[in-house]
Amino acid sequence: MLSRSTWLVTCVGAIAVAGCSESSPPFRLNMTNVVAKQISLDHQQAIANILGGMFGTPDEPIALPETGLDQRLLAMAAGPVWSDKEGGKHGLYRRHCVHCHGISGDGQGPTAAILNPYPRDYRPGIFKFKSTYTSGEPTLGDLEKTLHDGIPGTAMPSFALLPPDEIRALVEYVKYLSVRGQMEAALENHVAEELDANAKFDPATDPAVQQLIVKDLLGPIVESWNGAKDQVIRPEDGAIPPAERPAGDIAASVKAGRELFFGPKANCVKCHGPTALGDGQQTDYDTWNKANFDFITATNDKISQIDSLRQDLAKATGDEAEQLRKQILEAQAEYGSRSKRIAALLPPRNAIPRNLREGVYRGGRRPIDIFWRVSAGIPGTPMPASGPAAEGAPGTLTQQEIWQLVDYVYSLPFEPASMPQKKPINTEVVSK
Amino acid sequence: MNTGPEQFESRWPHRWAVLLACVTFPLLWVGGLVTTTDAGMAVPDWPNTYGYNLFLYPWQTWLSGPWDLFIEHGHRLLASSVGMLTIGLLVLLWRTEERRWMKSIGCVALGLVIFQGVLGGMRVLFDERTLAMLHGCTGPMFFALTVAIVVFTSRSWTKPTLAAVSGAANIRWLSVATAVLAYLQIMLGAVLRHVPVDAEPMTFMLAVKSHVGLAGVLAIHILVLAILLQIRARYVRPLNWLSIALVGLLLLQVVLGASTWIVKFAVPAWATAWISPQSVAVQDGGWAQTHVITAHVAVGSLILGTAVALALYCQRLLVEVPASNGVAHRKLGAAV
């Protein structure tokens with residue numbers, strides 16, 4: 001009798017608890033962008049509807065033919081976590097990625113705030129470690145490598161134990177979230193810049209809007225992704241140092257690389273510091289943190305704007321005063337919505353340059369990985385490109401010079417830290 | 001509460017309770033593995049396994065099947081064994097125990113193990129992380145109860161040798177607080193393990209800080225309790241070895257907690273001044289990650305069980321030094 005009643009109470013309690021929570025979280029709009037651009041609720045809804053129609057939901061993603069995404073791979077990666085009788089894994093993104101990168105790929109998963117660096121926000125379509133020119137999207141191979149090897153020195157793990165098809169599915173889903181995020185940004189920019197607050201924006205009733213969305217907004221995004229394989233930086237055969245080299249050649253290359261490191265042409269010392277411990281500039285931001293920093297700064301500026309309007313109001317009369325009152329109310333409302341948003345933002349962190357003496361290379365430790373980092377820079381960060389911006393374009397450094405820097409970077413963990421350094425170029429930074 | 005020694009002759013309830021606790025601990029470990037490896041949804045039905053009665057599922061398919069199925073079905077089989085052992089314990093208590101409250105505790109244990117089983121089943125049927133979190137909190141509670149039954153049926157409890165120590169009331173209070181804190185810490189750990197995928201980062205950070213902060217508070221409680229017991233009641237055997245075991249487990253747990261962070265999130269940037277950052281990335285689902293994290297969860301339960309046993313023995317064995325007696329530490333001898 002006791003067991004039966006316990007059973008009954010348990011079942012009812014468990015069902016009640018289960019009914020209280022949500023098991024299928026939705027995609028979220030980029031509210032920082034929405035608030036900053038003051039997009040109306042109607043337009044927010046319209047954007048959400050368009051994105052829903054084009055990309056589906058986290059449980060049921062859609063691979064629109066125009067995007068070239070693979071529906072089968074997306075289905076493997078999307079949805080809740082489960083595994084079938086044969087051991088096939090489903091819901092791969094929520095199994096492996098969502099806790100850091102978030103359901104929308106916004107880098108704001110539950111663990112984001114405790115990690116340094118923060119998890120990547122896929123939505124701008126900017127990826128740090130890739131083989132392509134600075135402005136190009138990564139190739140699928142680049143993303144697969146990042147998943148396979150992980151990012152040493154960060155919380156991004158290696159998924160080397162996953163079968164290749166699961167890594168491929170995850171890469172496809174990352175690309176899907178990125179294309180979706182870029183499309184969202186394009187829609188928000190279009191609505192903010194081209195439409196009045198009350199203007200209709202409904203592709204279901206307006207073929208011109210359909211045309212705009214698919215051709216003008218989605219087209220360039222897809223083109224950029226599809227063109228990534230043509231954007232790969234290929235080192236010139238003559239410039240690649242042979243695998244086996246006499247010690248004297250390596251020493252000469254390291255010496256030349258060192259000159260470049262401290263010299264005005266490459267000027268690596270500015271950020272990586274005179275000891276290469278990453279003790280150069282410390283106050284810059286990467287793209288993702290800069291967006292939050294700018295949002296917070298602009299919000300704080302609203303206070304002085306409101307104060308200034310109040311001072312004007314004290315002197316104004318009649319219609320002018322009425323107009324100022326209206327402006328103050330609008331500014332206060334904007335400040336309120338911005339403040340609410342700031343509470344949910346990850347606090348901006350400075351982009352601290354890499355300590356090159358640790359021997360930890362986040363984008364990979366092969367010579368070609370370091371070559372790509374120096375040549376194309378690290379997109380989204382203060383690390384600039386030293387090579388050409390596109391095939392055939394001139395770069396700050398020649399390929400031979402980049403390889404010399406690669407040799408010097410490789411030598412740094414073994415170079416005595418007390419080795420006398422040349423006088424740095426950026427004395428004002430270093431003296432801090 | 002009738003505690004006369006002549007009433008507890010059969011040793012079988014104690015032996016059975018020890019067996020139950022010893023089987024429950026691996027069950028917690030396997031349950032932890034289910035969560036660590038995200039294998040909870042490997043079997044979509046419950047209480048059956050892919051349409052088979054749980055006990056009739058072909059063992060060849062189970063043992064040679066994929067990891068997720070192996071670990072989830074194994075967890076269910078082990079849980080069933082614990083359930084049956086609990087029924088056996090209740091029968092034994094009913095037949096041999098004179099203490100009515102012990103029979104009631106047996107009933108509570110059975111109720112709790114059934115509740116836990118249903119929670120596990122509902123977690124599968126509803127694919128609900130909140131239920132998984134509750135399931136993760138109830139398991140250690142049941143383990144603590146099995147440890148309590150081991151204590152209640154032990155000779156140190158039924159034929160106690162009381163010890164008069166100064167500040168006994170404070171020590172008793174501290175021991176209870178330690179056990180409560182150990183359980184709260186497990187609950188916070190369960191929150192971290194089963195966080196919803198759409199939880200806000202700041203909420204999770206708060207939970208992490210609470211878990212780390214509470215670990216510090218719990219560590220202080222354990223150390224103070226152990227030091228007090230070593231100074232004032234070292235000659236009371238169960239208090240002596242349980243307090244030493246608790247400190248040992250605490251040290252192990254601190255190492256496992258730090259290791260959990262490192263194998264999950266790599267060496268934190270602020271710690272690279274003392275620990276070299278790894279030149280290769282942490283490996284998702286690797287041996288170290290899987291077993292270090294699971295061990296951290298399981299040792300948490302072991303700390304709870306030890307703290308509960310220590311708290312119960314403190315209540316039972318420690319008495320205040322009589323006001324007329326100036327001697328601080330004194331064995332009172334046979335049972336009262």
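Labels below follow one simple rule: chain letters A, B, ... track the order of the sequence lines, proteins then strands, and each chain is numbered from 1. Since the structure is predicted, the reported quantities are computational estimates derived from the model, not experimental observations.
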Closest non-hydrogen contact found for B/Gln283 with A/Pro157 is C-CB, 4.5 Å

Looking only at non-hydrogen atoms, find the nearest pair between B/Ala281 and A/Asp149 and report the distance. CB-O, 3.3 Å

Contacting region of [X] [heavy-atom separation from chain B under 4.5 Å]:
| X | value |
| --- | --- |
| A/Glu358 | side chain |
| A/Leu346 | both |
| A/His90 | neither |
| A/Arg362 | neither |
| A/Ile114 | both |
| A/Leu147 | neither |

Can you tell which part of [X] gets under 4.5 Å to a heavy atom of chain A, answering side chain, backbone, both or neither?
| X | value |
| --- | --- |
| B/Trp287 | neither |
| B/Val195 | both |
| B/Lys209 | neither |
| B/Ala42 | both |
| B/Thr37 | backbone |

Give a yes or no on whether [X] atom [atom1] has more than 12 heavy-atom contacts from other residues, nucleotides or ligands under 6.0 Å away.
| X | atom1 | answer |
| --- | --- | --- |
| A/Phe414 | CZ | no |
| B/Arg95 | CZ | no |
| A/Tyr285 | OH | yes |

Within the 4.5 Å heavy-atom criterion, are A/Trp82 and B/Asp127 side-chain neighbours or not? no

Quick one: does B/Met202's side chain get under 4.5 Å of A/Pro347's, heavy atoms only? yes

Counting heavy-atom pairs under 4.5 Å to chain B, which of [options] comes out on top?
| options | result |
| --- | --- |
| A/Pro110, A/Gly150, A/Gly88 | A/Pro110 |
| A/Gly87, A/Ala113, A/Gly359 | A/Ala113 |
| A/Ala112, A/Ala155, A/Ser83 | A/Ser83 |

Drop me the distance from B/Met41's CE to A/Asp84's CG, to the nearest 0.5 angstrom. 12.5 Å

Give, for atom NE2 of A/His99 and atom NZ of B/Lys264, the distance between the pair rounded to the nearest 0.5 Å. 8.0 Å

Determine the option with the most heavy-atom pairs under 4.5 angstrom with chain A, choosing from B/Phe204, B/Trp67, B/Phe70. B/Phe204

Side chain to side chain contact (heavy atoms under 4.5 Å, CB included) partner of B/Phe265, the single match among A/Thr154, A/Asn116, A/Thr111: A/Thr111

Tell me whether B/Asp68 is salt-bridged to A/Arg95, with the criterion being a basic N under 4.0 Å from an acidic carboxylate O. yes

Answer yes when A/Lys85 and B/Glu72 have at least one side-chain N-carboxylate O distance shorter than 4.0 Å, and no when they do not. no

